[in-house]
Amino acid sequence: MATTNGAVENGQPDRKPPALPRPLRNLEVKFTKIFINNEWHESKSGKKFATYNPSTLEKICEVEEGDKPDVDKAVEAAQAAFQRGSPWRRLDALSRGRLLHQLADLVERDRAVLATLETMDSGKPFLHAFFIDLEGCIKTLRYFAGWADKIQGRTIPTDDNVVCFTRHEPVGVCGAITPWNFPLLMLVWKLAPALCCGNTVVVKPAEQTPLTALYLGSLIKEVGFPPGVVNIVPGFGPTAGAAISSHPQISKIAFTGSTEVGKLVKEAASRSNLKRVTLELGGKNPCIVCADADLDLAVECAHQGVFFNQGQCCTAASRVFVEEQVYADFVRRSVEYAKKRPVGDPFDVRTEQGPQIDQKQFNKILDLIDSGKEEGAKLECGGSAMEDRGLFIKPTVFSEVTDTMRIAREEIFGPVQPILKFKSIEEVIKRANSLEYGLTAAVFTKNLDKALKLASALEAGTVWINCYNAIYAQAPFGGFKMSGNGRELGEYALTEYTEVKTVTIKLDDKNP
Amino acid sequence: MERPLQPESGPRKLGNSSVSGRRGTTSGARSFGEEDFLGKTARGTLQKITKNNFTMENHKTRNGSSAKICCVALDTVPYQGAESEMSSSQPDIPAPLTNLKFQYTKIFINNEWHDSVSGKKFPVFNPATEEKLCEVEEGDKEDVNKAVAAARQAFQLGSPWRTMDASERGRLLYKLADLVERDRLILATMESMNGGKLFSNAYLMDLGGCLKTLRYCAGWADKIQGRTIPSDGNFFTYTRHEPVGVCGQILPWNFPLLMFLWKIAPALSCGNTVVVKPAEQTPLSALHVATLIKEAGFPPGVVNIVPGYGPTAGAAISSHMDIDKVAFTGSTEVGKLIKEAAGKSNLKRVTLELGGKSPFIVFADADLETALEVTHQALFYHQGQCCVAASRLFVEESIYDEFVRRSVERAKKYVLGNPLTPGVSQGPQIDKEQYEKILDLIESGKKEGAKLECGGGPWGNKGYFIQPTVFSNVSDEMRIAKEEIFGPVQQIMKFKSLDDVIKRANNTTYGLSAGIFTKDLDKAITVSAALQSGTVWVNCYSVVSPQCPFGGFKMSGNGREMGEYGFHEYTEVKTVTVKISQKNS
């Protein structure tokens with residue numbers, strides 16, 4: 001019956017995995033300047049700063065150092081691009097989405113270049129950069145591309161003889177200050193919703209990792225975003241970052257980084273022009289393993305949850321609470337995992353752990369490890385730097401950790417897993433919620449009621465049940481308490497990048 | 001079901017000629033056709049809207065065809081990217097293909113091509129020349145059964161389609177858009193040859209609309225969100241928005257490909273599988289896109305296409321016990337049969353987009369120049385074969401005479417001929433039956449005392465051409481003021497007061513669309529609220545975009561297509577309630 005009246009072979013979902021990626025050796029860094037109005041600028045001060053490869057401690061290149069005058073220039077460009085009647089403001093929403101889709105296509109095209117740059121600049125394993133960071137970037141861009149023409153106002157049945165409707169308008173010029181742990185991904189988390197809603201942006205990438213953001217600038221230009229829509233000013237927090245936070249013409253700021261700096265950003269926003277603020281800050285995230293859990297799964301997820309990206313994740317599972325009955329078993333198996341974790345050259349495909357980002361972080365982590373030893377936690381493995389190897393730290397596991405120790409209270413941001421013991425659900429809820437942080441939490445249990453109970457009781461913006469770091473462009477992400485303000489990703493992110501305008505029209509009472 | 005369906009299946013639909021106001025470029029009065037300026041390459045993605053000198057002369061000199069196309073072209077120029085200046089160059093409409101082969105003429109099931117079980121075929125014609133283009137396999141009940149079995153199989157729990165990420169469904173639709181864009185010229189030529197549609201309209205409006213529809217629906221796939229609900233008691237409640245299942249879709253001949261995509265894109269975005277019957281007059285473009293569906297990588301059985309006739313294949317779909325939902329675009333008469341068949345068989349969900357007798361109300365304070373052009377296009381676009389055709393034009397008394405005079409002048413400017421030929425501005429009607437029906441209605445208008453201002457008869461000696469026709473002094477009881485004509489026949493009526501015209505506009509069983517021309521804010525809002533119609537256009541007409549819901553009040557239809565609303569029709573809501581030990585806010 002079936003004939004070949006068709007040119008194409010029987011369709012199956014096209015699920016070819018990307019060709020086995022390879023880092024680009026001897027990659028030349030092309031984009032090191034300030035990106036304003038789709039053009040490359042030198043810093044007004046003439047200053048540059050060096051960016052380093054944390055696994056070799058070699059300088060990669062010098063980058064123009066933006067400061068207040070450069071931020072001012074960028075804001076001016078962003079404001080001009082946001083003027084009523086500008087090409088950007090008059091563009092159909094569907095076409096804004098199309099531009100974001102095309103940007104995703106270019107990121108996909110240059111995926112290996114971007115992953116290589118990310119690994120050079122941040123020390124993260126290349127395969128992680130390629131499969132996790134870049135995958136996340138592409139999916140986030142495509143997700144928000146689809147929202148552009150689906151941001152809908154409402155008509156509202158008000159009292160009286162009036163017509164009332166809302167318009168969801170872009171906020172205006174949005175500042176974005178991004179961190180060094182997921183340099184490109186965190187930028188895209190901010191850029192994609194901002195652009196999808198029709199804003200213009202001024203970005204300051206982290207001074208440790210400015211290279212992928214600048215490369216993205218070149219793609220933004222290539223794709224055809226109008227000049228001034230995206231502007232990127234590399235520089236330092238106290239100078240360029242402060243200029244953005246306190247800029248009177250920036251209408252909204254989004255920051256991802258430490259809680260300490262988040263407070264400064266919000267303070268500056270208030271003091272200047274009450275700009276809208278969203279913050280994604282630190283965490284000291286509880287990971288609760290109940291005795292009825294699938295222990296294999298729990299051990300592996302908790303391990304990846306804390307050690308992923310050298311422990312440099314705001315979502316790091318840095319307080320693992322394990323129910324008494326399975327505690328010893330859990331610790332033993334976690335130590336086995338940690339000891340096997342391959343540490344080394346991030347360009348080696350076998351490597352799962354590279355160096356920490358810089359000397360300062362490295363010192364801070366070692367200091368916290370020492371405090372753990374001093375305060376009486378039991379060091380199960382690791383506990384020091386790798387010999388003769390720059391910024392590498394051995395995967396470290398502490399057992400018999402108590403709530404008052406520094407390693408159970410402070411964000412470590414390094415490859416250190418503190419494991420605590422608990423007896424009852426009510427007790428662990430109280431202990432898990434006892435900190436000022438509230439970013440994420442995880443629960444491992446097979447019991448439905450327990451899972452739902454913990455999901456509602458935990459004070460955290462995200463709760464993962466029988467999984468970890470399950471972050472999707474479709475699902476909102478953000479913190480309770482001092483882990484942040486507002487949400488990124490999902491439909492919720494759109495509310496952070498739009499202003500609602502209520503329009504009310506009085507009708508002539510004489511008409512029917 | 002006992003009663004056979006009518007001879008034609010879904011013979012009609014929707015004009016998407018978007019006619020913008022002269023200065024109305026910021027009002028969203030732009031349309032589908034712009035898609036082709038967007039993003040073929042990395043550059044040229046951004047359009048700049050120029051000062052829009054919207055006049056008839058401009059339209060004619062530009063390509064001599066429909067004013068609509070030029071309106072779009074004038075509105076829009078490509079943006080050239082960072083380093084080049086904003087240019088004012090116009091995009092070219094390519095020449096239609098001259099050697100088009102009709103390669104895909106079989107039944108498409110499970111991503112494979114099948115002969116009909118009966119062995120029968122039916123001919124497909126070019127309405128401009130009355131020549132046969134090719135023969136197509138004629139699907140009937142047995143073929144529909146095969147297609148439904150394939151669609152059901154593809155919808156099984158655990159199947160590749162059901163286990164696919166929602167975002168991946170969106171990717172496939174996006175990829176399909178890219179393939180349609182690649183084959184745009186083939187498809188536009190096909191649509192023009194088979195549908196009698198002006199080539200430039202097919203290329204810009206129909207295909208432009210197709211691309212936008214696919215890309216819009218692609219974006220929804222992973223944004224169809226359920227809710228968690230604060231139910232009383234110690235319960236946790238959430239909703240899942242699940243696909244309905246196997247969806248039957250019966251298409252019209254007036255916008256064959258666009259209506260095909262209006263149906264399949266939301267259905268697939270939500271995760272359904274489909275069995276489609278294109279109109280027997282125009283099955284070719286849907287069959288071509290079938291190959292693209294396969295090429296894009298949709299799993300076998302997700303999309304199945306069974307060409308055939310209404311009383312056989314169409315009836316088999318409407319009354320099939322294993323089809324969960326049927327969507328139909330066509331006449332009100334056939335729509336009733338479909339809903340009846342759905343009721344008699346398995347209570348399948350039904351959405352209908354049916355006929356209209358749409359009022360267009362022009363107040364004396366309107367911008368006359370613009371109103372003339374827009375009301376003209378609102379009726380004559382695509383030879384009047386649009387369900388939204390503004391076939392009752394109500395003009396306020398004080399401007400009535402001038403309005404009629406100038407409408408007649410405008411109608412006389414048409415160049416009839418082969419729609420593939422540059423310079424031609426009106427093509428043929430779709431087939432002999434429609435042609436005769438329109439001529440009969442024109443005769444009734446003459447007999448019932450309307451004043452024939454121009455046209456009034458057939459044109460040429462080959463093909464189904466009808467002269468552009470304008471009637472004045474039309475009164476509400478005449479057949480031409482009550483029945484859907486679906487041809488190039490404009491009725492101009494006179495009105496005196498607001499209350500009066502609202503009453504008259506609503507005095508019909510139809511309620512698809514309506515137009516208003518006025519500069520008065522209060523009048524615009526009051527009349528929009530008063531009209532019984534699924535769509536109201538103010539100072540514009542036929543501005544149909546994928547973001548906006550479209551559908552009819554009263555007997556013009558059930559449900560809505562496109563926009564977020566359209567997605568409700570393709571999902572079932574499941575409420576899951578879980579007992580928990582203790583609820584907390």
Side-chain angles (χ1 to χ4, degrees), chain A residues 1-15 37-39 87-88 90-95 97-99 101-102 105-106 139 142-143 145-150 152 163 221-227 448-450 452-453 455-457 472-474 490-491 505-508 511-512, chain B residues 26 30 34 38-39 42-49 79 81-82 86 103-106 111-115 160 164 167-168 170-172 174 212 215-216 218-220 222-223 225 236 291 293-300 498-499 502 521-523 525-526 530 546-547 564 578 580-582 584:
Chain A
M1 251 348 201
T3 61
T4 51
N5 187 0
V8 186
E9 287 309 301
N10 243 0
Q12 284 292 341
D14 185 5
R15 288 207 180 137
N37 259 331
N38 284 1
E39 284 162 357
W88 181 239
R90 302 191 70 183
L91 193 60
D92 281 342
L94 186 119
S95 309
R98 190 88 182 98
L99 286 173
H101 251 298
Q102 289 173 315
D105 291 343
L106 296 190
K139 287 200 164 182
R142 294 203 195 285
Y143 175 75
W147 267 123
D149 60 354
K150 297 171 185 72
Q152 302 173 122
V163 167
K221 180 174 172 173
E222 182 180 345
V223 105
F225 281 92
L448 174 65
D449 199 62
K450 223 187 268 180
L452 292 177
K453 184 178 196 167
S456 79
Y472 304 100
Q474 298 93 354
E491 185 175 1
I505 305 174
K506 176 78 177 81
L507 297 181
D508 187 345
N511 277 332
Chain B
T26 55
R30 284 173 293 130
E34 289 166 22
L38 296 178
R43 291 266 155 72
T45 46
L46 187 58
Q47 56 207 306
K48 181 191 168 198
I49 298 147
Y79 167 73
M86 297 216 179
Q103 237 183 310
Y104 307 108
T105 59
K106 298 196 175 187
N111 284 2
E112 287 166 351
W113 298 100
H114 296 256
D115 294 332
M164 187 181 283
S167 64
E168 181 65 16
R171 278 300 283 154
L172 287 177
Y174 221 88
K212 286 193 169 194
R215 291 188 172 129
Y216 174 77
W220 269 121
D222 60 355
K223 296 170 186 72
Q225 302 173 118
F236 167 60
T291 67
I293 284 165
K294 190 170 168 176
E295 184 179 348
F298 284 90
L498 189 93
D499 288 351
I502 289 173
L521 173 66
D522 216 75
K523 236 181 248 175
I525 292 175
T526 305
Q547 297 88 4
E564 184 172 2
V578 184
I580 53 175
S581 53
Q582 186 195 63
N584 280 275

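Predicted model only: the values in this text are computed from it and were never measured. Below, read A as the first sequence line, B as the second, and so on, with proteins coming before strands; counting in each chain starts at 1.
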Report task. For each of A/Lys453, A/Lys450, A/His101, A/Lys506, tally heavy-atom pairs with chain B at distances under 4.5 Å, and name the one with the top tally. Result -> A/His101

Requested in this report: For residues B/Gln547 and A/Lys150, determine if any side-chain heavy atom of one lies less than 4.5 Å from a side-chain heavy atom of the other.
Outcome: no

Query raised in the report: Counting only N and O atoms by type, is there a donor-acceptor contact under 3.5 Å from the side chain of A/Lys139 to the main-chain atoms of B/Ser167?
Result: no

Query raised in the report: Using non-hydrogen atoms only, which part of B/Gln225 is less than 4.5 Å away from chain A: side chain, backbone, both, or neither?
Result: side chain

Query raised in the report: Side chain, backbone, both or neither: which part of A/Tyr472 has a heavy atom under 4.5 Å from chain B?
Result: neither

Report task. Check whether any side-chain N or O of B/Asp522 sits under 3.5 Å from a backbone N or O of A/Asp508 as a donor-acceptor pair, and report yes or no. Result -> yes

Query - Which atoms of B/Ile525 approach chain A - backbone, side chain, both or neither, heavy atom under 4.5 Å - result: side chain

Query raised in the report: With chain B, which of A/Val163, A/Asp449, A/Leu448 has the greatest number of heavy-atom pairs at distances under 4.5 Å?
Result: A/Asp449

Query raised in the report: Does a donor on one side chain sit under 3.5 Å from an acceptor on the other, for B/Asn584 and A/Ser456?
Result: no

**Report entry** Proximal component of B/Tyr216, with respect to chain A [non-hydrogen, under 4.5 Å]
**Finding:** both

Requested in this report: Give the C-alpha distance, both sets of side-chain angles, the deciding distance and a yes or no for side-chain contact (heavy atoms from CB on, under 4.5 Å) between B/Lys212 and A/Asp92.
Outcome: CA-CA 12 Å; B/Lys212 286 193 169 194; A/Asp92 281 342; 4.0 Å; yes

